[in-house]
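Notes to accompany the following structure.
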Amino acid sequence: MTQSAAEPLSAPRPLPGQVRTLVVGAGFAGLGMAIKLQESADTDFLVIDKGEEVGGTWRDNTYPGAACDVPSQLYSYSFALNPDWSQTYSPQPEIQQYIRNVADRAGVLDRFAFGTAAEDARWDEDTRRWRVTTSRGPVEAEVLVLAAGALSEPKLPDIEGIEGFQGAVFHSAQWDHDYDLSGKRVAVIGTGASAIQIVPELAKVAAHLDVYQRTAPWVMPRMQRPYTRVEKAIFRHVPGAQRLQRTAIYWLMEGMVGPPLHHNPRFGFHLARLCRANISRAIKDPELKAKVTPHFTVGCKRILFSNDWYPALARPDVDLVTDPIAKVTAHGIVTADGTERDIDALVIATGFHTTDLPIAEHVAGRDGVTLAGYFDTHGMQAYKGATVSGFPNMFFIVGPNTGLGHSSMVFMIEAQIAYIMDALRTMEEHGWATVEPKPDAQRAWNDDLQTRMRRTVWTTGGCSSWYLDKHGRNTTLWPRTTFKFRDLLKSFDPEQYVVTATEPANEEERVA
Ligand code: N01
């Protein structure tokens, strides 16, 4: 089973009562923010995280088979390339260790408070501060950075009887490593990115595995191979070699499975052929072949990458169940056709809350409106995925419409950090106490995004996915090139913001 090899961090220190910048979340986003703050000599910050370690999603997702489905070379900070990746797609423990090594090397961990959950954050207009209640006491901050991630709150399926199941239950992001699944009858619900990594591993140890599929995904072969010693030596010692490979992979992803496909679904024809060949290589049974063949346009849901998903489904001790689940009983699952399949353990790989960010419930801006309430009225949206009107001095990393299905989120995270850093610098230079996007700027940004969305495969591809909210609007993904995103966020744009001067009395200095 996979688990972080990092040494545990020291006991929690008392929280400072006040900081200039409070960052919520210690994954790639929160750690990257901390490093950039420290580099700019702005050390008046605190990063809090409910977990006990850096890593975020890579700390939490320790399920068997957990690995990156974006090439390793892209899955690192641009300022901390890792010449030691063991494989073209790295397993979770290596990514977690990489994140921990970067944190150790940067020397920022003394400003992290682990085991500290943000319970409530409220903007106080009188003091122009965020008053944050954490599980370990209050903290006041001038600036609040929400870096809690989009894939942090497991989403449990709403299936009748599931609470009454008497066996072991695991969500993919909350794996119980003390429970041995060897020789057990196991069911996996879901066939998304997590399930296709879990199933091949469980199939090796379980007595029998039932995989419950609602929608067959498109699965491409994965160019998985170990890096040789020579390659690693070249990455380490030949200046520019690793960056060159990283750049080549970046353009391949951008050109092959990125915007050309998103905006021109016919471009997916060749990808669909590759996926069908992936099926044919492993599955000979026509009935199973038909079950695993998707019925929507490739790219509408996230394209998955695996060489062992179809071989696992073809095993005699694995059943792919496509009849809808009717209910869960104390000892099994009943499908709509009335069949009950007994199991000892149930693995729930049904994803995360993405279009209803749970942290939004706990953040209240000016006038006491919560982000959740604001999103309910306006749809989940932000200006440049980073700031929200009515929520002064609050910044998102991995905010609305900044997600990717085709390339590395670390790239997007770094672009957002650069934007926030420039905002903080600009505020300091001009002596501004608060910044908040103008409603018109935010509206124009989102109108443009949603206009672009109409023509994408995510909207027209004939699938339903977690990319879309309950109104069918895509509030999660970025619809343009990733380099355009970086370009648009390379510097803070105060003309799109309402700003106030440092002195609360000078309210007339509010800049329109
Ligand atoms: O979740 P998902 P995930 N009854 O939402 C099914 C990232 N990630 O955890 O397609 C039965 O993609 C649902 O069916 P359907 C990555 O961004 C990254 O797998 O809605 N089934 C689907 O099959 C990814 O996109 C890596 O019809 C139900 C599955 O559950 C994101 O995490 C690795 C159901 C959910 O798939 C989430 O992936 C792993 C129900 N009631 C994950 N409800 C990397 O390597 C849902 N389903 C970087």
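Bear in mind the structure is a predicted one, so any value in this text is a computation, not a measurement. Whatever order the structure lists them in is the order used to number ligands and atoms, beginning at 1.
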Any heavy atom of [X] closer to ligand 1 than 4.0 angstrom?
{"X": "Tyr63", "answer": "yes"}
{"X": "Thr191", "answer": "yes"}
{"X": "Tyr212", "answer": "no"}
{"X": "Gln197", "answer": "yes"}

Where do Phe483 and Trp251 land on the ring pair (Phe, Tyr, Trp, His ring centres under 6.0 Å) test, with the steps shown first? CA-CA 10 Å; Phe483 54 87; Trp251 285 109; 5.2 Å; yes
Protein heavy-atom partner closest to [atom] - residue, atom, separation in Å:
{"atom": "atom 20 (O) of ligand 1", "result": "Arg214 NH2, 2.9 Å"}
{"atom": "atom 21 (N) of ligand 1", "result": "Ile189 CG2, 3.7 Å"}
{"atom": "atom 7 (C) of ligand 1", "result": "Leu151 CD1, 3.5 Å"}
{"atom": "atom 29 (C) of ligand 1", "result": "Ala349 O, 3.4 Å"}
{"atom": "atom 12 (O) of ligand 1", "result": "Trp466 NE1, 3.4 Å"}
{"atom": "atom 1 (O) of ligand 1", "result": "Gly351 CA, 3.1 Å"}
{"atom": "atom 18 (C) of ligand 1", "result": "Arg302 NH2, 4.2 Å"}

For Asn307, check side chain to side chain donor-acceptor pair (under 3.5 Å) against everything at least two apart and list the hits.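 Partners of Asn307 under the side chain to side chain donor-acceptor pair (under 3.5 Å) test: none.
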Minimum distance, heavy atoms only, to [atom]: which one of [options] is it?
{"atom": "atom 44 (C) of ligand 1", "options": "Asp69, Ile95, Thr57, Ile162", "value": "Asp69"}
{"atom": "atom 15 (P) of ligand 1", "options": "Ile159, Thr350, Thr215", "value": "Thr215"}
{"atom": "atom 9 (O) of ligand 1", "options": "Gly403, Ser194, Ser464, Ala195", "value": "Ser194"}

Please classify the Ala193 to ligand 1 contact at 4.0 Å (heavy-atom distances, strictly less than): side chain, backbone, both or neither.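 Both backbone and side chain.
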Proximity to ligand 1 by part of Ile325, non-hydrogen separation under 4.0 Å: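 It is neither part, as no heavy atom is under 4.0 Å.
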With a 4.0 Å cut-off on N to O distance, would you call Glu254 and Lys484 a salt bridge?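 Salt bridge between Glu254 and Lys484, a charged N being under 4.0 Å from a carboxylate O: no.
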Which ligand 1 atoms, with their elements, are less than 4.0 angstrom from a heavy-atom of [X]?
{"X": "Gly190", "result": "6 (C), 23 (O), 29 (C), 30 (O)"}
{"X": "Lys301", "result": "10 (O), 15 (P), 20 (O)"}
{"X": "Ala67", "result": "44 (C), 45 (O)"}

Atom of Pro217, atom of Phe296 and distance for their closest heavy-atom approach: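 Reported closest heavy-atom pair: CA-CZ, 4.4 Å.
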Minimum heavy-atom distance between Ala216 and Pro294, given as atom pair plus value: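 In this case the closest contact between Ala216 and Pro294 is O-CB, 3.4 Å.
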Quick one: OG on Ser408 to OH on Tyr250, what's the gap to the nearest 0.5 Å?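 Here the interatomic distance stands at 10.0 Å.
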Quick one: salt bridge (charged side-chain N to carboxylate O under 4.0 Å, His left out) pairs with a partner in residues 75-86, sequence neighbours left out?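 Counting only pairs at least two positions apart or across chains, the salt bridge (charged side-chain N to carboxylate O under 4.0 Å, His left out) contacts touching residues 75-86 are Asp84-Arg236.
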Suppose we call two aromatic rings close when their centres sit under 6.0 Å apart. Are His171 and Tyr63 close by that rule?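 Distance test on ring centres: not under 6.0 Å, no.
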